[in-house]
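Below: the structure, in structure tokens.
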Amino acid sequence: MDLPEKMRAMLLDAPGKPLRLAELPVSRPGPGQVLLKVHACGVCHTDLHILDGELTDPKLPLVLGHQIVGTVEEVGENVTRFEIGERLGVPWLGSTDGTCRYCRRDQENLCEHPQFTGYDLDGGFAEYTLADERYCFPLPADYDDVEAAPLLCAGLIGYRTYRMAGEYAERLGIYGFGAAAHIIAQVAKYEARKIYAFTRPGDTAAQQFALRLGAAWAGDSTQSPPEPLDAALIFAPVGALVVAALKATARGGIVVCGGIHMSDIPSFPYELLWEERTIRSVANLTRRDGEEFLALAPQVPVKIEVTTFPLEQAGQALEQLRDGKFVGAAVVKVE
Ligand SMILES: [Zn+2]
Ligand SMILES: [Zn+2]
């Protein structure tokens with residue numbers, strides 16, 4: 001095997017600085033690790049929150065990217081799940097301690113000593129990456145590399161968010177119609193729920209996109225839906241949407257915040273929470289979420305709409321995500 005000594009990677013030196021193309025050594029896999037040749041890596045709002053310093057404790061310098069699709073180039077000692085040449089996906093949850101009270105009670109997403117891909121560990125905006133094989137997923141063959149990438153965070157964490165809306169959510173609002181929403185809207189439609197899509201004011205492209213994917217109604221986030229919602233998923237990092245979503249829900253309504261960071265939530269009268277409405281957040285993912293969602297996606301089947309960027313333009317991809325310049329998911333295509 002002729003593994004190169006060096007690879008190209010987009011490197012974050014410090015929050016607030018633009019990503020820069022760098023040459024880094026290709027690391028060899030340690031025990032339990034696989035070395036992947038990266039084919040594609042999805043772009044996520046979390047990457048922006050790290051870039052902007054809103055998540056305050058990244059490894060530095062850092063290779064961002066936590067929706068990685070690659071093939072195994074080399075395996076470390078004791079690797080048993082995957083073989084050289086196999087394609088797999090690496091998600092945000094890079095490892096856990098396996099021993100804390102959360103891990104022991106089946107909530108590894110809340111682990112007290114986790115390592116996250118593209119935050120504590122170098123991620124996928126690079127030609128190669130290392131991953132702990134226990135946290136990787138085999139990927140459904142129905143999806144090519146760029147289509148599979150957004151399944152790994154937009155899909156997985158979107159799915160966890162959607163599940164938190166509960167079984168009674170017949171009328172489901174989705175605030176922020178980007179990568180996660182476009183995937184989850186298809187799952188929700190498959191499960192016979194009625195979807196109400198809320199976008200930034202004036203973003204008619206995203207509203208049309210939502211209607212094309214089967215939303216019953218699409219409008220902007222300042223509008224009221226035509227009927228009250230049973231639940232609302234918030235994927236946009238805007239705290240004021242929590243209040244807007246509470247106003248839009250019926251009694252017993254559930255508002256689920258799917259992102260890792262949000263601007264402050266404005267104060268609101270208790271009346272909006274009264275009648276057993278719930279606000280909750282969703283943190284990270286468990287491996288079970290991944291297994292369930294990756295089995296479900298090809299059944300729906302979820303179709304992924306992708307805008308691709310070459311590796312050197314990972315920074316532009318992030319800025320376009322910030323500005324809502326495309327519909328669907330952004331993916332960095334490596335090679
Ligand atoms: Zn993500
Ligand atoms: Zn733990």
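Given the structure is predicted, the values throughout are model-derived calculations rather than measurements. When a ligand or atom number is given, it counts from 1 through the structure's own listing order. Just so you know, residue 1 is the first one in the sequence shown, and it goes up from there.
Between atom OG1 of residue Thr56 and atom CD of residue Glu54 there is a gap of 10.5 Å, rounded to the nearest 0.5 Å.
Look at Lys303 and Glu305 and you find no salt bridge, because none of the NZ, NE, NH1 or NH2 atoms lies under 4.0 Å from a carboxylate O. The pair Arg322-Glu319 counts as a salt bridge, with a side-chain nitrogen and a carboxylate oxygen less than 4.0 angstrom apart.
Under 3.5 Å, the side chains of Tyr135 and Thr96 contain a donor-acceptor pair of N or O atoms.
Expressed to the nearest 10°, the angle at the Zn ion (ligand 2) joining SG in Cys111 with SG in Cys100 is 120°.
Looking at Asp97 and the Zn ion (ligand 2) together, the shortest N, O or S contact belongs to OD1.
Below the 2.8 Å limit, the Zn ion (ligand 1) has as protein N, O or S neighbours Cys44 SG, His66 NE2, Cys153 SG.
Ring centers of Phe209 and His182: under 6.0 Å apart, within the cut-off.
Remark: of the listed residues Leu24, Thr129, Leu12, Leu24 is the sole one forming a side chain to side chain contact (heavy atoms under 4.5 Å, CB included) with Val63. Exactly one of His113, Gln115, Glu108 qualifies for a side-chain hydrogen bond (donor to acceptor under 3.5 Å, both in side chains) with Ser95. That residue is Gln115.
Within the 2.8 Å limit, Cys103 places at least one N, O or S atom next to the Zn ion (ligand 2).
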